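Each chain gets a letter, A, B and so on, in the order its sequence line appears, and its residues count up from 1. Because the structure is a prediction, the values reported are computed rather than measured. Heavy atoms only: backbone and side chains are in, while hydrogens, waters and symmetry mates are out.
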Number of protein chains: 2
Amino acid sequence: MSSKVNLTPQRKAIYDVIRESSDHPTAAEIIERLKVKDLSFAYGTVYNSLRYLTEVGLVHELKLGDAASRYDGNVDEHQHIQCQICGRVDEVFTDVTKEWLNAIAKETDYTVKSHQVILKGICPQCREQ
Amino acid sequence: MSSKVNLTPQRKAIYDVIRESSDHPTAAEIIERLKVKDLSFAYGTVYNSLRYLTEVGLVHELKLGDAASRYDGNVDEHQHIQCQICGRVDEVFTDVTKEWLNAIAKETDYTVKSHQVILKGICPQCREQ
DNA sequence: CGTATATTTAGACTAAGTCTAAAATAAAAT
DNA sequence: ATTTTATTTTAGACTTAGTCTAAATATACG
């Protein structure tokens, strides 16, 4: 395990963009931000790199249901909440309990491997208006 | 509210297929099952109908992250778990607690409107092998 | 150095779903 | 009952997000 991670210049540049972003960018947004830095990689390279970075655990892929995957450079265990109005995504660190996961294993007889909670709501800013 | 639901023949047929299915079919699978009944609607009609049925609350749309949305005729509050090996989707009725949702509202300052938990694991059948 | 392996590139291709404009149905108003 | 208005359906073009392929580059190994 943890065999050396192979960060090619492309992968490194993409990883950098993700870590410099706090808004969980999509692949399209990552491509835009690379362009600002005068970096332009093949379409497929960006997707391959994102898959690679996800596989080696450097980033997390978020599938929030709304079309495009988003990428998160914070790989600590956490969940996300998305504003139904403006679409922004915020982190949630209050996680579900181990007891709850155990109850589900018991109910379903599955071996539970992962859980993702997708919360939707109204963010403070949008609520003001 | 609850103004009368307008179930055209197409919408009714699609709703029937969903209720007769216990495996949370995708739009493509619904189209297949309609074909078995010698019903063939325009591509767009199926999607429009699915959106309509979802909006009026007769079915639930599940976005499990893997490409296509699935549709569920059981609109009681519940969650889902998907087998990472065979892809089947089962229901989960052990829901998160109200306290947990309150804690999240407190942490994020969002008004929490909905939550969807996507659990992944290994189903009993796949575990045997 | 020469060969094997891995990665990138450009562009074709796919899957899932939306959009549009015309035709068909249904409902409401003379 | 016929016209007008609103709603739905249809076929097919289009969009978005992403994968696949084959050739070209780059890197690693003996």
Side-chain angles (χ1 to χ4, degrees), chain A residues 2-18 21 23-35 37-56 58-72 82 87 89 118, chain B residues 2-18 21 23-35 37-56 58-72 82 87 89 118:
Chain A
S2 125
S3 48
K4 209 181 152 315
V5 171
N6 178 9
L7 275 194
T8 63
Q10 290 84 346
R11 290 173 181 169
K12 175 73 166 53
I14 289 164
Y15 183 38
D16 285 346
V17 166
I18 294 172
S21 304
D23 61 342
H24 314 85
T26 62
E29 287 164 347
I30 290 166
I31 290 171
E32 273 177 35
R33 292 173 201 186
L34 286 167
K35 195 162 285 169
K37 297 178 165 190
D38 277 308
L39 294 172
S40 172
F41 307 140
Y43 209 64
T45 299
V46 175
Y47 282 102
N48 281 341
S49 299
L50 289 170
R51 187 174 335 128
Y52 178 84
L53 293 170
T54 301
E55 272 166 14
V56 301
L58 286 176
V59 308
H60 271 177
E61 182 182 9
L62 311 184
K63 296 182 175 181
L64 300 187
D66 59 333
S69 282
R70 292 165 172 273
Y71 294 87
D72 189 345
Q82 183 169 37
V89 175
I118 297 173
Chain B
S2 126
S3 47
K4 210 182 151 317
V5 170
N6 178 10
L7 276 195
T8 64
Q10 290 84 345
R11 289 171 182 170
K12 176 74 165 52
I14 289 165
Y15 182 38
D16 285 345
V17 166
I18 294 171
S21 304
D23 62 342
H24 314 86
T26 61
E29 288 165 347
I30 290 166
I31 290 171
E32 274 175 34
R33 292 173 200 185
L34 287 167
K35 194 161 287 169
K37 297 179 166 189
D38 276 309
L39 294 171
S40 171
F41 308 138
Y43 209 65
T45 300
V46 175
Y47 282 102
N48 281 341
S49 299
L50 289 170
R51 189 177 329 131
Y52 179 84
L53 293 170
T54 301
E55 272 167 13
V56 300
L58 286 177
V59 308
H60 271 177
E61 181 183 9
L62 311 184
K63 297 182 175 181
L64 300 187
D66 59 333
S69 282
R70 293 165 171 275
Y71 294 88
D72 190 345
Q82 183 169 36
V89 175
I118 297 172

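For the side-chain contact (heavy atoms from CB on, under 4.5 Å) criterion with B:Tyr71, the lone passing option out of B:Thr54, B:Val17, B:Leu62 is B:Thr54.
Atoms CG (B:Leu53) and P (D:dT8) sit 12 Å apart, rounded to a whole Å. Across the protein-nucleic acid pair, B:Leu50 atom CG and D:dT8 atom P stand 15 Å apart, rounded to whole Å. Regarding B:Leu62, its CG atom lies at a distance of 12 Å from the P atom of C:dG17, rounded to whole Å. Distance CD1 (B:Ile31) to C1' (C:dA15): 12 Å, rounded to an integer number of Å. For A:Leu7 and C:dT8, the CG to C1' distance is 15 Å, given to the nearest whole Å. B:Phe41 has its CZ atom 15 Å from the P atom of D:dT8, to the nearest Å. Atom pair B:Ile30:CD1 and C:dA16:C1' shows a separation of 13 Å (rounding to whole Å applied). Whole-Å rounding puts the B:Tyr15 OH to D:dT8 C1' distance at 20 Å.
When atom types are taken as modelled, the side chain of A:Ser21 and the backbone of A:His24 share no donor-acceptor pair closer than 3.5 angstrom. At least one donor-acceptor pair under 3.5 Å links the side chain of B:Gln82 to the backbone N or O of B:Gly87. For A:Arg11 (side chain) and A:Asn6 (main-chain N/O), a donor-acceptor pair under 3.5 Å exists by modelled atom type.
Around atom NZ of A:Lys35, no more than 12 heavy atoms belonging to other residues, nucleotides or ligands sit under 6.0 Å away. Around the NZ atom of B:Lys12, the shell of radius 6.0 Å holds no more than 12 heavy atoms that belong to other residues, nucleotides or ligands.
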For nucleotides 12-22 of chain D, give me every protein contact, N/O to N/O, under 3.5 Å, one pair per line with atom names.
{"from": "D:dG18", "atom 1": "OP1", "to": "A:Ser69", "atom 2": "N", "distance (Å)": "3.1"}
{"from": "D:dG18", "atom 1": "OP2", "to": "A:Tyr47", "atom 2": "OH", "distance (Å)": "2.9"}

Yes or no on side-chain contact (heavy atoms from CB on, under 4.5 Å) for B:Lys37 and B:Asp16, after CA distance, side-chain angles and deciding distance?
-> CA-CA 11 Å; B:Lys37 297 179 166 189; B:Asp16 285 345; 4.3 Å; yes
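For the pair A:Thr8 and C:dT8, the criterion of a side-chain N or O lying under 4.0 Å from OP1 or OP2 is met. Between D:dA26 and A:Gln10, no contact under 4.0 Å exists linking OP1 or OP2 to a side-chain N or O.
Within 4.0 Å of A:Thr45, counting heavy atoms only, lies at least one base atom of the nucleic acid.
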